[in-house]
Amino acid sequence: MYQENDLEKIDIHAEPPIEEPARQYYFMAKCRKWVKGFEQRNGRLPKSCVLNFGCQMNARDSEKLRGILREMGYAEASEEQADFIIFNTCTVRENANTRVYGRLGQLKPQKKKNPHMMIGLCGCMMQEPEVVEKLKKSYRFVDIIFGTHNIFKFAELVATRLESDRTVIEDTDQIVEDLPNERKYTFKSGINIMFGCNNFCSYCIVPYVRGRERSRDPKAIVREIEKLVADGVSEVMLLGQNVNSYGKTLDTPMTFAQLLREIEKIEGLHRIRFMTSHPKDLSDELIEVMADSKKICKHLHLPVQSGSTNILTKMNRKYTKEQYLNLVEKIRRAVPDISLTTDIIVGFPGETEEDFEETLDVVRKVRYDSAFTFIYSKRTGTPAAVMEDQIPEDVIKNRFDRLLKEVQAIAAETCAVHEGTVKEALVEDICDHDSEMVTGRLSNNLLVHFRGGKELIGTYVDVELSECRGFYYIGAMR
């Protein structure tokens with residue numbers, strides 16, 4: 001995108017300042033010079049490792065970090081071999097923070113042995129002021145600290161650290177397009193369509209650490225997907241904390257359904273996925289687009305969190321049990337073969353046995369293809385953490401086990417319905433428990449394992465679903 005000679009001519013202190021992303025490419029070029037010097041002195045390239053914690057949004061951010069590191073000239077390596085380790089952190093649950101502190105403690109002696117080593121921390125955890133203060137006081141060996149809004153400034157932060165002996169801490173709020181990224185898969189990719197969240201569910205820290213909703217320009221999204229398709233991508237996953245509220249912050253408002261229509265026009269794009277959908281914002285327009293689409297996958301992740309209207313109110317979810325069930329009925333009427341998955345929290349403060357039975361009732365009525373089930377844990381900084389009537393651990397454990405048993409039994413029955421049918425699968429990888437088989441993902445997001453070689457990876461094949469194994473299939477290519 002930018003020629004090396006042109007970057008060298010840039011005056012980084014010019015007024016007005018040079019615009020992004022040119023500024024960041026300038027710093028990538030600057031880091032490349034340092035990398036070349038390192039290679040000459042040590043007879044090898046410096047090595048980096050990005051360790052990802054958390055959701056698909058974090059995974060996408062990690063791809064950008066790897067892309068920028070590649071542009072700087074770093075070689076990728078394992079954590080044990082790396083000269084530069086970056087933790088892309090999650091803070092949804094408090095024990096996630098504890099885990100990161102533990103990993104940092106293990107790295108301290110490793111850094112003492114390696115004079116070249118740098119440690120970077122980014123992600124949601126770094127958006128918490130008290131975390132940053134703790135790192136400054138107790139983990140002074142950390143070199144770079146930056147939050148979710150600052151991924152685009154990564155090259156600049158690295159360059160700054162290489163020129164100084166102090167910890168570099170950054171906090172800003174800006175969306176910058178057209179930065180490098182290193183995709184995990186060549187044939188599919190996540191795409192951020194928005195950042196932040198405005199929902200403030202009472203158990204969730206995300207709005208406080210990722211900020212308020214900001215939607216990306218639709219033309220920039222379409223342009224990014226077009227470039228990915230030209231580079232061999234055939235499936236995209238549109239990412240946002242609540243994709244259904246996309247477009248509300250744009251100068252010219254646009255609905256998520258309208259964005260999907262524009263993306264569907266892209267030639268060469270085979271599949272479109274998205275998550276996560278908040279039930280309160282899922283419109284009739286979106287259901288209609290899903291029903292008419294030839295590219296949107298037959299899978300919808302629709303978190304219910306609880307089946308009790310009483311608990312949903314305490315969670316600040318802004319829908320009732322009845323509204324959720326009516327929405328599911330409407331979706332299933334329009335898209336009969338859709339696969340529905342969900343998130344459920346067990347043991348939220350004040351949850352009675354009757355409330356829990358309401359959740360089981362929703363599970364039995366909706367018949368989810370799968371569900372992510374969570375035991376509620378306090379998250380400091382959220383309203384739920386100070387609510388009265390916290391549920392005893394033994395009661396929560398009992399309810400969780402009952403819920404899991406119900407979810408698994410129904411999911412196995414739902415999965416078995418497709419046994420004997422032929423479905424299209426995108427081959428994603430060699431099967432992890434049989435090297436003579438490959439793993440494909442169906443439009444409904446379920447997996448099928450069947451005989452095949454690595455040459456099939458990234459292609460679409462028709463597979464007969466011979467045997468259901470509960471949450472996946474054994475099949476045969478047709």
Side-chain angles (χ1 to χ4, degrees), residues 47-66 68-69 74 76-114 116-154 157-158 161 166-172 182 184 190 195-197 203-211 239 241 372 374-382 384-385:
K47 300 173 183 178
S48 65
C49 177
V50 179
L51 298 169
N52 185 69
F53 302 85
C55 66
Q56 286 92 342
M57 299 281 281
N58 269 30
R60 179 60 176 158
D61 286 344
S62 290
E63 289 184 343
K64 294 175 184 176
L65 293 171
R66 292 189 187 99
I68 294 170
L69 286 163
Y74 277 85
E76 196 165 349
S78 66
E79 182 180 355
E80 293 72 26
Q81 298 176 320
D83 304 293
F84 189 6
I85 297 175
I86 302 98
F87 288 165
N88 189 3
T89 63
C90 172
T91 191
V92 170
R93 289 172 180 78
E94 207 141 359
N95 60 4
N97 291 23
T98 304
R99 183 183 174 195
V100 169
Y101 292 134
R103 295 288 289 272
L104 279 177
Q106 294 169 11
L107 284 180
K108 188 174 183 179
Q110 187 176 333
K111 185 169 182 179
K112 283 185 177 180
K113 293 178 183 177
N114 184 354
H116 310 297
M117 188 174 182
M118 291 201 304
I119 299 172
L121 289 175
C122 64
C124 290
M125 188 175 163
M126 301 308 111
Q127 296 293 143
E128 298 181 85
E130 62 272 19
V131 168
V132 175
E133 286 303 311
K134 181 172 182 175
L135 291 170
K136 286 162 65 177
K137 291 178 181 177
S138 304
Y139 299 86
R140 296 181 181 179
F141 56 91
V142 173
D143 298 277
I144 302 173
I145 299 170
F146 57 107
T148 56
H149 310 322
N150 314 121
I151 297 292
F152 78 93
K153 294 194 77 172
F154 181 47
L157 301 178
V158 174
R161 179 62 186 87
R166 61 180 179 81
T167 300
V168 179
I169 302 173
E170 181 68 23
D171 185 22
T172 186
E182 184 76 20
K184 180 179 180 181
F195 303 91
C197 183
Y203 52 82
C204 186
I205 197 73
V206 168
Y208 305 97
V209 295
R210 282 197 174 263
L239 298 172
Q241 301 297 334
F372 295 98
F374 304 93
I375 288 176
Y376 170 76
S377 60
K378 286 184 182 181
R379 185 60 185 88
T380 303
T382 64

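Index from 1, following the sequence. Below, each value reflects all heavy atoms present in this structure, side chains not excepted, and no hydrogens, waters or symmetry copies.
Between Met126 and Leu135, the closest side-chain pair of non-hydrogen atoms falls below 4.5 Å. Looking at Lys184 and Glu63, their side chains come closer than 4.5 Å, going by heavy atoms from C-beta outward. A 4.5 Å side-chain heavy-atom check between Cys124 and Cys90 finds every atom pair outside the cut-off. Contact of the Phe87 side chain with the Leu107 side chain is registered, since non-hydrogen atoms from C-beta on lie closer than 4.5 Å. Put simply, the side chain of Leu121 reaches to within 4.5 Å of the side chain of Leu104, judged on heavy atoms.
Distance OG1/Thr148 to CG/Asn88: 9.0 Å, rounded to 0.5 Å. Between atom CG of residue Asn97 and atom CE of residue Met125 there is a gap of 4.0 Å, rounded to the nearest 0.5 Å. Between atom CZ of residue Phe84 and atom CG of residue Leu69 there is a gap of 6.0 Å, rounded to the nearest 0.5 Å. Between atom CG of residue Asp61 and atom CD1 of residue Ile151 there is a gap of 4.5 Å, rounded to the nearest 0.5 Å. Atom CD1 of Ile85 sits about 8.5 Å away from atom OG of Ser78, to the nearest 0.5 Å. To the nearest 0.5 Å, atoms CD1 (Ile144) and OG1 (Thr167) are separated by 9.5 Å.
The closest donor-acceptor contact from the side chain of Asp143 to the backbone of Val168 lies at 3.5 Å or more, if one exists at all. Here the side chain of Asn58 pairs no donor or acceptor atom with the backbone of Asn52 at under 3.5 angstrom.
Between Arg60 and Leu239, the shortest heavy-atom contact is CB-CD1, 4.0 Å. Nearest approach of Tyr376 to Ala385, heavy atoms of both residues: OH-N, 3.7 Å. Here the closest heavy-atom approach between residue Gln110 and residue Glu80 is recorded as NE2-O, 3.7 Å. Closest approach of Ala82 and Asn114 over heavy atoms only: O-ND2, 4.1 Å.
At a threshold of 4.0 Å, the pair Glu133-Lys136 counts as salt-bridged, since one of the basic side-chain nitrogens sits closer than that to a carboxylate oxygen. Using a cutoff of 4.0 Å between basic side-chain nitrogens and carboxylate oxygens, Glu128 and Arg379 are scored as salt-bridged.
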Q: Applying side-chain contact (heavy atoms from CB on, under 4.5 Å), run through Tyr139 and Ile119 and close with a yes or a no.
A: CA-CA 11 Å; Tyr139 299 86; Ile119 299 172; over 6 Å; no
Q | Chi angles and distances behind the side chain to side chain donor-acceptor pair (under 3.5 Å) call for Ser48, Arg66 | A | CA-CA 8 Å; Ser48 65; Arg66 292 189 187 99; over 6 Å; no
Q: Show your reasoning for whether side-chain contact (heavy atoms from CB on, under 4.5 Å) applies to Asn150 and Cys122.
A: CA-CA 8 Å; Asn150 314 121; Cys122 64; over 6 Å; no
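Qualifying salt bridge (Lys or Arg N to Asp or Glu O under 4.0 Å) partners for Arg103, counting only residues two or more places apart in sequence or in other chains: Glu79.
The environment of Lys111 atom NZ is dense: over 12 non-hydrogen atoms of other residues, nucleotides or ligands sit within 6.0 angstrom. Residue Arg161 places its CZ atom among more than 12 non-hydrogen atoms of other residues, nucleotides or ligands, all under 6.0 Å distant. More than 12 non-hydrogen atoms from other residues, nucleotides or ligands lie less than 6.0 angstrom from OH of Tyr101.
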